[in-house]
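Below you'll find the structure, written out as structure tokens, and then a few comments.
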Amino acid sequence: MLNLILDKRNEKDPIIYPYFFLNPERVGITGMITWILALLAGFIVMGYIIMIIDHLLGKMMK
């Protein structure tokens, strides 16, 4: 049911992607996977950096 509601666009209307790396016609499937994995790795690294900073600040406050 939801698929029928969302798929009522005209065939002449272009599909608009919110980010360029999600457009398989522009970057290809392997490009999409590469971008997604790179972003995932970046967020994981940023999370660990924030955890390390939090740990160090916690030790300094004691």
Side-chain angles (χ1 to χ4, degrees):
M1 175 80 175
L2 182 61
N3 193 14
L4 294 174
I5 294 170
L6 295 177
D7 202 6
K8 288 198 177 203
R9 66 178 184 82
N10 192 348
E11 287 299 320
K12 295 177 184 175
D13 294 338
I15 298 174
I16 299 174
Y17 295 93
Y19 305 103
F20 73 93
F21 58 85
L22 294 177
N23 186 349
E25 295 168 358
R26 183 172 176 192
V27 296
I29 296 297
T30 56
M32 282 177 54
I33 293 170
T34 303
W35 271 103
I36 291 169
L37 291 176
L39 287 169
L40 176 66
F43 280 115
I44 290 172
V45 168
M46 285 174 38
Y48 277 114
I49 289 172
I50 291 171
M51 285 176 48
I52 291 169
I53 291 171
D54 181 53
H55 182 72
L56 293 174
L57 288 176
K59 281 187 175 181
M60 288 175 50
M61 298 300 279
K62 286 185 178 182

Original post:
Between F20 and W35, how do the two ring planes meet: parallel, tilted or perpendicular, split at 30° and 60°?
Top reply: perpendicular
**OP:** Give a yes or no on whether V45 and L37 share a hydrophobic cluster (residues Ile, Leu, Val, Met, Phe, Trp, Tyr; joining criterion: side-chain heavy atoms under 4.5 Å apart).
**Re:** no
Original post:
Looking only at heavy atoms, what is the nearest atom pair of N23 and M32, with distance?
Top reply: C-SD, 4.3 Å
Original post:
For the atom pair CD1 (I29) and OG1 (T34), what is the distance rounded to the nearest 0.5 Å?
Top reply: 11.0 Å
**OP:** Specify the closest pair of heavy atoms between L39 and F21, including all atoms of both residues, with the distance to one decimal.
**Re:** CD1-CZ, 3.4 Å
Original post:
With hydrophobic residues grouped by side-chain heavy-atom distances under 4.5 Å, do Y48 and L56 end up in a single group?
Top reply: no
Subject >> Any side-chain heavy-atom pair of I36 and L22 under 4.5 Å >> reply: yes
**OP:** Nearest 0.5 Å please: distance from the CD1 atom of I53 over to the NE2 atom of H55.
**Re:** 12.5 Å
